[in-house]
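Report on one structure; see the data block that follows.
Index from 1, following the sequence. Treat the numbers as computed from the prediction; the structure is a model and nothing was measured.
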Amino acid sequence: MLKKEFIYGVATASFQIEGAADKRLPCIWDTFCAKENTVADGSNGDIACDHYNRWNEDIELIDSLGVDAYRLSISWPRVITESGELNPEGVEFYLNILKELKKRSIKAFVTLYHWDLPQHLEDNGGWLNRETSYKFAQYVDLITVAFGDLVHSYATLNEPFCSAFLGYEIGVHAPGKVGREFGKKAAHHLLLAHGLAMSVLAKNSPNTLNGIVLNFTPAYAVDDKNENILAASFADDYYNQWYIKPIFDGKYPEILQELPDSCHPDIHPGDMKIISHPVDFLGINFYTRSVYKASDDDYFEELPATGKLTDIGWEIYPQAFTELLQSLNERYDLPPIYITENGAAINDKIVDNEIEDQDRIDYYQEHLLAVNEAIESGVDLQGYFAWSLMDNFEWAEGYLKRFGIVYVDYESQIRTIKNSGHAYKTLISNR
Ligand code: FCB
């Protein structure tokens, strides 16, 4: 991964950094933030990193890190009006960014959906309504024509697991729906949206790298007792394989048969064919692993994280990263892989204009080595994106958790490169 062709980048997402909520339609995260006890610090995305007004200096910052690529997401409610047409003002915002990136030879990796569903679509059932998948394809059709040849890569969705499970099954993310019967239904419509959008991309944008970004939290059994191994494997199917198997094998994992009928997705004839449309790349987001044991009244029980944890409570376990990449590579016939997110929340302090985030540097070092090990064992990996360019709105944690390699002072909106940012720059420039 020290070859010049290996792509290094930084990643962000629209709702987490843009602000300027008044210049777009409301989305499900605006509504969710406005409810009580949803976001840890009671905050919202109204201003965030004020990237909407500071995009120019932010791109200069990205360029100063020497990265090859920038992964950003498009806010659907910013670019499409309620009646389904392009909103010129929103499109212009992204066109300016894409042109500036092009000018600086930074490759644009565009994610078309990073969780900010227009609220009016949620009012119509959101991802529980099959129609939303078709609305997504229409949005993708319009926006990809508008962007022309400014984009290097399109990802349809970011982490459909989070949208479906966190948003519609346990309700800790927007839109905050709770019920086992909802999660897999929402997941199916998300995957359908992905498949429909892949055909649109193949037609409108055949020269970009088109694919999807999935997150994986590898599931480990607490010990080698058979029942615990089975529990971990069930959890793996439920949380991880559920989103990748339909794409590469055109089927859901077998555990579908074990779930009660009420939890089965509404699969129409032809859906799995649409969902398994070939992809040019697979984006993988990795942060941590989980440990499971058998449960008396459920399919599995997740154990609390132990060992070395980041500030968000996630175990630091880089070995799982290598093992994940190797196991996916064995299990599926995969296209080239890009690590589209990896990083750590650290309780950063800014002292004399410096952020000494040695723990984050260690995290990156260990995880980059883990990726390298996977490459050396034969996995086709072509890029790596640090999450995140800068501290931002960390969903249900609000602004309390910092993932950036650049520090953001939310009062003054001043950005300061952390030591991890300097280290990343050195790594990239030393190739
Ligand atoms: C991922 C999200 C990203 C960010 C990181 C920490 O699940 O895709 O937006 O919040 O987690």
Side-chain angles (χ1 to χ4, degrees), residues 1-14 16-18 49 51 55 57-74 94 97-112 114 147 150-159 208-215 280-287 321 325 335-344 360-361 363-365 367-368 370-372 374-375 379-392 403-406 415 417-418 420-431:
M1 60 194 303
L2 287 177
K3 294 203 183 99
K4 267 272 181 233
E5 309 79 70
F6 190 86
I7 289 180
Y8 283 96
V10 285
T12 63
S14 45
Q16 294 180 276
I17 64 165
E18 286 177 2
C49 304
H51 175 70
W55 63 269
E57 63 170 90
D58 286 339
I59 293 181
E60 214 172 295
L61 179 67
I62 293 169
D63 203 4
S64 81
L65 293 169
V67 294
D68 309 302
Y70 173 43
R71 174 173 179 244
L72 68 155
S73 83
I74 307 302
Y94 293 110
I97 290 178
L98 294 173
K99 285 181 193 155
E100 190 61 30
L101 291 172
K102 185 137 216 167
K103 205 167 99 195
R104 294 173 183 264
S105 301
I106 300 169
K107 295 182 167 66
F109 277 65
V110 167
T111 300
L112 293 158
H114 200 126
F147 287 168
L150 293 169
V151 173
H152 181 80
S153 162
Y154 281 112
T156 53
L157 308 178
N158 176 70
E159 304 187 347
T208 46
L209 269 183
N210 303 326
I212 187 167
V213 169
L214 302 177
N215 63 304
D280 303 327
F281 81 99
L282 171 65
I284 292 184
N285 295 352
F286 173 89
Y287 290 93
F321 204 179
L325 294 166
I337 296 173
Y338 288 75
I339 303 306
T340 31
E341 285 181 28
N342 178 232
R360 185 176 286 106
I361 295 179
Y363 182 97
Y364 277 117
Q365 173 73 10
H367 285 76
L368 284 163
V371 172
N372 200 49
I375 295 176
V379 182
D380 182 7
L381 261 146
Q382 302 198 355
Y384 176 95
F385 290 78
W387 182 271
S388 174
L389 163 68
M390 58 184 161
D391 299 333
N392 56 49
F403 272 94
I405 58 172
V406 171
R415 282 81 159 119
I417 300 179
K418 301 180 191 177
S420 57
H422 293 299
Y424 197 49
K425 175 178 177 160
T426 306
L427 164 84
I428 296 168
S429 67
N430 279 349
R431 286 175 298 164

Task: Qualifying residues under ring pair (Phe, Tyr, Trp, His ring centres under 6.0 Å), relative to Phe147, sequence neighbours excluded - done: none

- [ ] Apply the test side chain to side chain contact (heavy atoms under 4.5 Å, CB included) to residues Val10 and Ile62: give CA-CA distance (whole Å), side-chain angles for both, the deciding distance (0.1 Å), then the verdict.
- [x] CA-CA 8 Å; Val10 285; Ile62 293 169; 4.1 Å; yes

Open item on the list: Quick one: does any side-chain atom of Ser388 pair with a main-chain N or O of Ala11 as donor and acceptor, under 3.5 Å?
Closed with: yes

Task: Gap separating the CG atom of Leu427 from the CD1 atom of Ile361, nearest 0.5 angstrom - done: 11.5 Å

Task: Non-neighbouring partners of Phe281 that pass ring pair (Phe, Tyr, Trp, His ring centres under 6.0 Å), sequence neighbours left out - done: Tyr338

Open item on the list: Applying the side chain to side chain donor-acceptor pair (under 3.5 Å) criterion to Asn342, which one of Trp387, Tyr364, Tyr384 satisfies it?
Closed with: Tyr384

Open item on the list: Apply side chain to side chain contact (heavy atoms under 4.5 Å, CB included) to residues Ile7 and Val67 and explain how you reach the verdict.
Closed with: CA-CA 8 Å; Ile7 289 180; Val67 294; over 6 Å; no

Open item on the list: Closer than 3.5 angstrom, by distance alone: can the side chain of Arg415 be matched with the main-chain N or O of Asp391 as a donor-acceptor pair?
Closed with: no

Task: Nearest atoms (heavy-atom pairs only) where Pro336 meets Asp280 - done: CD-O, 3.5 Å

Task: Tyr424 side chain to Gly9 backbone, donor-acceptor under 3.5 Å - done: yes

Task: Partners meeting salt bridge (Lys or Arg N to Asp or Glu O under 4.0 Å) with Glu159 (sequence neighbours left out) - done: none

Task: Any donor-acceptor pair under 3.5 Å from Asn285 side chain to Asn215 backbone - done: no

TODO: Taking atom types as modelled, find out whether Thr340 and Arg71 have a side-chain donor-acceptor pair closer than 3.5 angstrom.
DONE: no

- [ ] Taking ring pair (Phe, Tyr, Trp, His ring centres under 6.0 Å) as the test, write out the residues that go with Tyr287, two or more places apart.
- [x] Trp314, Phe403

Open item on the list: Applying side-chain hydrogen bond (donor to acceptor under 3.5 Å, both in side chains), can you list everything that pairs with Arg104, at least two apart in sequence or on another chain?
Closed with: Asp63, Glu100

- [ ] Give the intermediate values and the outcome of ring pair (Phe, Tyr, Trp, His ring centres under 6.0 Å) for residues Phe109 and Phe385.
- [x] CA-CA 10 Å; Phe109 277 65; Phe385 290 78; 4.9 Å; yes

Open item on the list: Do Ile337 and Gln382 make a side-chain contact, defined as non-hydrogen atoms from C-beta onward lying under 4.5 Å apart?
Closed with: no

TODO: With the side chain counted from C-beta on, respond yes when Lys107 and Lys102 share a heavy-atom pair under 4.5 Å apart, and no when they do not.
DONE: no

Open item on the list: Between Asn392 and Met390 (side chain of the first, backbone of the second, donor and acceptor by atom type, cut-off under 3.5 Å), is there such a pair?
Closed with: yes

- [ ] Would you give the length of the straight line joining atom CG of Leu72 to atom OG1 of Thr12, rounded to the nearest 0.5 angstrom?
- [x] 5.5 Å

TODO: Mark yes or no for whether Arg360, through its side chain, and Ala344, through its backbone, hold a donor-acceptor pair below 3.5 Å.
DONE: yes

Open item on the list: Run Leu282 and Leu214 through side chain to side chain contact (heavy atoms under 4.5 Å, CB included) and show every step you take.
Closed with: CA-CA 8 Å; Leu282 171 65; Leu214 302 177; 3.9 Å; yes

- [ ] Could you walk me through whether Leu101 and Ile59 pass side chain to side chain contact (heavy atoms under 4.5 Å, CB included), step by step?
- [x] CA-CA 7 Å; Leu101 291 172; Ile59 293 181; 3.9 Å; yes

Task: Minimum side-chain heavy-atom gap Ile97-His51 below 4.5 Å - done: yes

Open item on the list: Would the distance check show the side chain of Lys425 and the main-chain N or O of Ser64 forming a donor-acceptor pair, the cut-off being under 3.5 Å?
Closed with: yes

Task: Heavy-atom pair of closest approach, residues Val379 and Leu325 - done: CG2-O, 3.9 Å

Task: Donor-acceptor contact below 3.5 Å, side chain Asn158 vs main chain Val213 - done: no

List the atom pairs, with distances to 0.1 Å, where a side-chain N or O of residues 150-157 and a protein N or O form a donor-acceptor pair under 3.5 Å, not counting sequence neighbours.
residue, atom, partner, partner atom, Å
Ser153, OG, Leu209, O, 3.0
Thr156, OG1, His194, ND1, 2.7
Thr156, OG1, Gly211, O, 3.4

Open item on the list: So, taking the atom named CG in Asn430 and the one named CG in Leu2, what distance separates them when rounded to the nearest 0.5 Å?
Closed with: 9.0 Å

Task: salt_bridge(Asp68, Lys4) N-O dist < 4.0 Å - done: no

Task: Side-chain heavy atoms of Leu65 within contact of Tyr8, under 4.5 Å - done: no

Open item on the list: Working to the nearest 0.5 angstrom, can you tell me the gap between Ile284 CD1 and Ile339 CD1?
Closed with: 5.0 Å

- [ ] Report yes or no: does Ser73 contribute a side-chain atom to a donor-acceptor pair with the main-chain N or O of Ser14 at less than 3.5 Å?
- [x] yes

